[in-house]
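As the structure is a computational prediction, the values presented were derived from the model and not from experiment.
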Amino acid sequence: MKRLFAARVVGAALLAAGLAATPAVTAQAATPMTVAPEMLQAMQRDIGLTADQAIKRMTSEVKASEQEQSLRQELQGAFGGAYFDATTNQLVVGVTDAAKAGVVRAAGAKAVQVGRSEQQLDAVKAGLDQNAAQAPKTLTSWYVDVTKNDVVLTVTPGAVADARSYLAATGTDAAAVEVVESPEQPQPLFDVRGGDAYFIGSSRCSIGFSVQGGFVTAGHCAALTSGSLAGSNGVALGTWGGFTFPGNDYAWVRTNSNWTPRGVVNRYNGTTVPVSGHTEAAVGSSICRSGSTTGWHCGTVQAKNQTVTYPQGRVLGLTQTNVCAEPGDSGGSWLTGNQAQGVTSGGSGNCTVGGTTFFQPVNPILSRFGLTLVTS
């Protein structure tokens, strides 16, 4: 099937977001959600919601995240993926066994019967990852689309035949793969400009989230730039604690005694928002990000565990969004409610015409380097 990719595939955008990150939401079980005014304003501007609608949606998203984790465990091999439906403020769960639909409904979610389990879709995607070295450059990304119950493989215009040949050569289940043409190709973005940022020599990136002893950020900031680390005020910042790029796009900086990590996100307007945890949001959830180039913008999580091809190599495990970003935004913070989600990796488009941006989820970064998120 050949159609134009609705979301632009984007190149990595460097985000400078201070050791903290930006606005958050404070959610408590069985109590009304308290939302920072800045987040409400951004969601009204970028998603077109009223304040009441934004609070209702974020409250529903917290519930949906809990339902997804519980149902994944309960359904096991019959779990066909899940996503948040913003039109109904409800989690939609795919089941391969119609007899399991009642389990989903009993949990308060909507059940839809699908042909493939999440395990099967993940296996197809993992097979593409394992054979990535054989993939032509015209194949720009691939990911599991839980809303369609298939694997989406994006290609450059006119390269559908390349994709079909690759699928056949690797023995991939072509029936589970939707090939989509995309006019844009992801590539890391770099820019040097002022703001609440950190610098690597003359290059600028953004701080993602504070961890004990430092902060996390994008790996390409460490891999593709050189020079000593300094804060936005020019004060020596510390040293790289570790990084990976390509393959993954994450890094962390071990800060020196000049700096104190705080569990907040910088709003770039003199305010900050507290970070309370790092529970992963469901596909379809609202999400906001902060960057030193373009400030605070919101949108929706479109897909998880996406493999993206950059000029420097492929990066696995990214999350796709319809939030805009521009050069200078890389490494910055992503939040759903008060929960840390990840750091900006790449994207395309801009905040004038819109675009697609990918972020590296924060949980794998914390796990990979044995880090602890700083919370307020």
Practice task
Give a yes-or-no answer on whether the side chains of Ser65 and Thr279 include a donor-acceptor pair shorter than 3.5 Å.
Solution key: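 Absent: no donor and acceptor within the cut-off.
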
Handout entry: Side chains of Ser141 and Thr154, donor plus acceptor under 3.5 Å
Key =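 Per modelled atom types, Ser141 and Thr154 side chains form a pair under 3.5 Å.
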
Handout entry: CD-CG distance between Gln306 and Asp145, expressed to the nearest 0.5 angstrom
Key =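 One finds 9.5 Å between CD of Gln306 and CG of Asp145.
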
Practice task
Give, for atom OG1 of Thr156 and atom CG of Asp162, the distance between the pair rounded to the nearest 0.5 Å.
Solution key: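 Rounded to the nearest 0.5 Å, the OG1-CG separation comes out at 7.0 Å.
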
If you define the side chain from C-beta out and look only at heavy atoms, does anything of [X] sit under 4.5 Å from [Y]?
X	Y	result
Val112	Val92	yes
Thr172	Val124	yes
Lys110	Arg105	no
Pro261	Thr255	yes
Ile287	Gln341	yes

Exercise for the section: Under the side chain to side chain contact (heavy atoms under 4.5 Å, CB included) rule, what do Val315 and Phe245 come out as? Steps first, then yes or no, please. Expected result: CA-CA 7 Å; Val315 175; Phe245 181 82; 3.7 Å; yes

[X] and [Y]: same hydrophobic cluster, using ILVMFWY side-chain contacts below 4.5 Å?
X	Y	answer
Leu316	Val146	no
Leu229	Phe243	no
Leu224	Phe358	yes
Trp259	Val374	no

With distance as the sole test, does [X] use its side chain to make a donor-acceptor pair with the main-chain N or O of [Y] at under 3.5 Å?
X	Y	answer
Asn363	His278	yes
Thr321	Val323	yes
Ser285	Ala281	no
Asn322	Thr300	yes
Thr336	Gln339	no
Ser165	Ala161	yes
Asp249	Gly219	yes

Handout entry: Residue pairs, two or more places apart or on separate chains, that pass side-chain hydrogen bond (donor to acceptor under 3.5 Å, both in side chains) and touch residues 364-373
Key =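 Listed by first then second residue: nothing to list.
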
Under the side-chain contact (heavy atoms from CB on, under 4.5 Å) test, which residues partner [X], sequence neighbours left out?
X	answer
Gln76	Gln73
Cys298	Ala42, Met43, Asp46, Ile47, Cys288, Trp296
Thr88	Asp85, Gln90
Phe369	Tyr250, Trp252, Ile365, Leu371

Any idea which heavy atoms bring [X] and [Y] closest together, and the distance?
X	Y	value
Ala218	Ala251	O-CB, 3.7 Å
Ala176	Asp150	O-CB, 3.4 Å
Asn350	Thr352	OD1-N, 2.8 Å
Pro183	Pro157	CA-CG, 3.8 Å
Asn305	Gly317	OD1-CA, 3.5 Å
Leu121	Val151	O-CG2, 3.7 Å

Exercise for the section: Evaluate side chain to side chain donor-acceptor pair (under 3.5 Å) for Tyr198 paired with Thr217, printing each intermediate quantity in order. Expected result: CA-CA 10 Å; Tyr198 74 96; Thr217 186; 3.0 Å; yes

Exercise for the section: Give me the other members of the hydrophobic cluster that Phe84 sits in, counting Ile, Leu, Val, Met, Phe, Trp and Tyr linked by side-chain heavy atoms under 4.5 Å, directly or via other members. Expected result: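 Traced through the cluster, Phe84 reaches no other member.
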
Problem - Co-members of the apolar cluster containing Leu91 [side chain, <4.5 Å] - result: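 Answer for Leu91: Leu71, Leu75, Phe79, Val93, Val95, Val103, Val104.
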
Practice task
Let me see the working for Ser286 and Glu61 under side chain to side chain donor-acceptor pair (under 3.5 Å), right down to the final yes or no.
Solution key: CA-CA 8 Å; Ser286 58; Glu61 289 169 352; 2.8 Å; yes

Exercise for the section: Could you tell me which residues satisfy side-chain hydrogen bond (donor to acceptor under 3.5 Å, both in side chains) with Thr50, sequence neighbours excluded, listed by chain and number? Expected result: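 Result, side-chain hydrogen bond (donor to acceptor under 3.5 Å, both in side chains) vs Thr50: Gln53.
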
Practice task
Apply side chain to side chain donor-acceptor pair (under 3.5 Å) to Ser210 and Arg262, showing your working.
Solution key: CA-CA 6 Å; Ser210 295; Arg262 298 173 52 218; over 6 Å; no

Please table the atom pairs, donor to acceptor, closer than 3.5 Å between any side-chain atom in residues 126-135 and protein atoms at least two apart or in another chain.
residue: Asp129; atom: OD1; partner: Trp142; partner atom: NE1; Å: 2.7
residue: Asp129; atom: OD1; partner: Thr307; partner atom: OG1; Å: 2.7
residue: Asp129; atom: OD2; partner: Lys125; partner atom: NZ; Å: 2.9
residue: Asn131; atom: OD1; partner: Gln134; partner atom: NE2; Å: 3.2
residue: Asn131; atom: ND2; partner: Gly127; partner atom: O; Å: 2.8

Handout entry: side chain to side chain donor-acceptor pair (under 3.5 Å), paired with Arg289, selected from Thr357, Thr344, Thr294
Key =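 Testing Arg289 for a side chain to side chain donor-acceptor pair (under 3.5 Å) against Thr357, Thr344, Thr294 leaves exactly one candidate, Thr294.
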
Exercise for the section: Determine, stepwise, if the pair Ser333 / Ser290 fulfils side chain to side chain donor-acceptor pair (under 3.5 Å). Expected result: CA-CA 6 Å; Ser333 317; Ser290 181; over 6 Å; no

Handout entry: Where at least one partner belongs to residues 317-370, residue pairs that pass disulfide bond (SG atoms under 2.5 Å apart), sequence neighbours excluded
Key =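 Passing the test, one end in residues 317-370: Cys324-Cys351.
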
Handout entry: Evaluation steps, salt bridge (charged side-chain N to carboxylate O under 4.0 Å, His left out), between Lys100 and Glu74
Key = CA-CA 10 Å; Lys100 300 288 187 180; Glu74 191 167 358; over 6 Å; no

Handout entry: For Lys304, all residues meeting salt bridge (Lys or Arg N to Asp or Glu O under 4.0 Å), sequence neighbours excluded
Key =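 Expected list: Glu280.
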
Problem - Residue list, salt bridge (Lys or Arg N to Asp or Glu O under 4.0 Å) with Arg116, at least two apart or on another chain - result: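 Listed in chain order: nothing, the list is empty.
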
Practice task
Verify side chain to side chain contact (heavy atoms under 4.5 Å, CB included) between Ser345 and Phe359, making sure each step is shown before the conclusion.
Solution key: CA-CA 5 Å; Ser345 173; Phe359 69 83; 5.7 Å; no

Practice task
Could you check Val253 against Ile207 for side chain to side chain contact (heavy atoms under 4.5 Å, CB included), going step by step and ending with a plain yes or no?
Solution key: CA-CA 9 Å; Val253 170; Ile207 294 168; over 6 Å; no

Exercise for the section: Evaluate the side chain to side chain contact (heavy atoms under 4.5 Å, CB included) criterion for residues Thr170 and Tyr166: first the C-alpha distance (whole Å), next the side-chain angles of each, then the deciding distance (0.1 Å), finally the verdict. Expected result: CA-CA 6 Å; Thr170 56; Tyr166 168 69; 3.5 Å; yes

